[in-house]
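Read the structure below first, then the notes.
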Amino acid sequence: QAHLVQSGGGLVQTGGSLRLSCAASERTFASFGMGWFRQAPGKEREFVAAIGGTTYYADSMEGRATVSRDNAKNTVYLQMNSLKPEDTAVYYCAATQYCTGYTCYLRLAEYDYWGQGTQVTVSS
């Protein structure tokens, strides 16, 4: 069973950058698809980005986010630039064993394991 531990996040001004990290304990991490989601207060959890055989991004993050992974470190990253106040949310990483294709990665139910979440706050 994979255990995901997140780090990064914090408070940043509009236009700033942050990098989130998600480290997995599972030795078969390289075979997992990894997603990033976020949840703002009073809103549903929404897809941000994912990496499997390729990378996928939500329209709201296209051009501002980069998802990458280092399989030697069992870690996936989410680099976010040009941050806006509406990016303020708790960000979660998640792992899926069987997803293929963009529509699969969008669905929360496809993910088997979740990180603990990390707060990102963008001040105006």
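Positions are given from 1 along the sequence.
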Quick one: [atom1] on [X] to [atom2] on [Y], what's the gap to the nearest 0.5 Å?
X	Y	atom1	atom2	result
Leu106	Tyr56	CG	OH	10.0 Å
Thr14	Leu83	OG1	CG	8.5 Å
Met80	Trp36	CE	CH2	8.0 Å
Thr103	Glu110	OG1	CD	8.5 Å
Leu108	Thr96	CG	OG1	11.0 Å
Cys99	Arg107	SG	CZ	6.5 Å

Hey, quick one: are [X] and [Y] part of the same hydrophobic cluster, counting side-chain heavy atoms closer than 4.5 Å, chains of contacts allowed?
X	Y	result
Tyr105	Trp114	yes
Tyr113	Val48	yes
Tyr111	Tyr102	yes
Met34	Val67	yes
Tyr91	Val76	yes

Mind listing the closest non-hydrogen atom pair of [X] and [Y] along with its distance?
X	Y	answer
Ser17	Asn81	OG-OD1, 2.9 Å
Ser68	Ile51	CA-CD1, 3.9 Å
Leu11	Ser123	CD1-CB, 4.2 Å
Ala49	Leu78	CB-CD1, 4.1 Å
Gly117	Gln6	N-OE1, 2.9 Å
Ala89	Ala40	CB-N, 3.8 Å

* Stepwise side chain to side chain donor-acceptor pair (under 3.5 Å) test for Thr121 and Gln119 -> CA-CA 6 Å; Thr121 302; Gln119 178 70 45; 3.3 Å; yes
* To do: Report the C-alpha separation of Val90 and Thr118 in whole Å, then their side-chain angles, then the decisive distance to 0.1 Å, and conclude whether the side-chain contact (heavy atoms from CB on, under 4.5 Å) test is met.
  => CA-CA 5 Å; Val90 177; Thr118 186; 5.9 Å; no
* Asked: Parallel, tilted or perpendicular: which fits the ring planes of Phe37 and Phe47, with parallel below 30° and perpendicular above 60°?
  ->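 Phe37 and Phe47: perpendicular rings.
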* With Phe29, which residues qualify under ring pair (Phe, Tyr, Trp, His ring centres under 6.0 Å), at least two apart? ->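 With sequence neighbours excluded, Phe29 shows a ring pair (Phe, Tyr, Trp, His ring centres under 6.0 Å) to no residue whatsoever.
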* **Partner residues of Tyr57 under the ring pair (Phe, Tyr, Trp, His ring centres under 6.0 Å) criterion, sequence neighbours left out** =>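 Counting only residues at least two positions away or on another chain, Tyr57 forms no ring pair (Phe, Tyr, Trp, His ring centres under 6.0 Å).
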* Are any non-hydrogen side-chain atoms of Tyr92 and Gln39 less than 4.5 angstrom apart? ->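 Result yes, sub-4.5 Å side-chain heavy-atom pair found.
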* Please answer whether the main-chain N or O of Tyr77 pairs with a side-chain N or O of Ser21 as donor and acceptor at a distance below 3.5 Å. =>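 Looks like no, no N/O pair under 3.5 Å.
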* Taking salt bridge (charged side-chain N to carboxylate O under 4.0 Å, His left out) as the test, write out the residues that go with Arg64, two or more places apart. =>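 Per chain and number, Arg64 pairs via salt bridge (charged side-chain N to carboxylate O under 4.0 Å, His left out) with Asp87.
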* Does the side chain of Asp70 pick up a donor-acceptor pair with the side chain of Thr75 at under 3.5 Å? ->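 No, because no side-chain N or O of Asp70 sits under 3.5 Å from a partner of the opposite role on Thr75.
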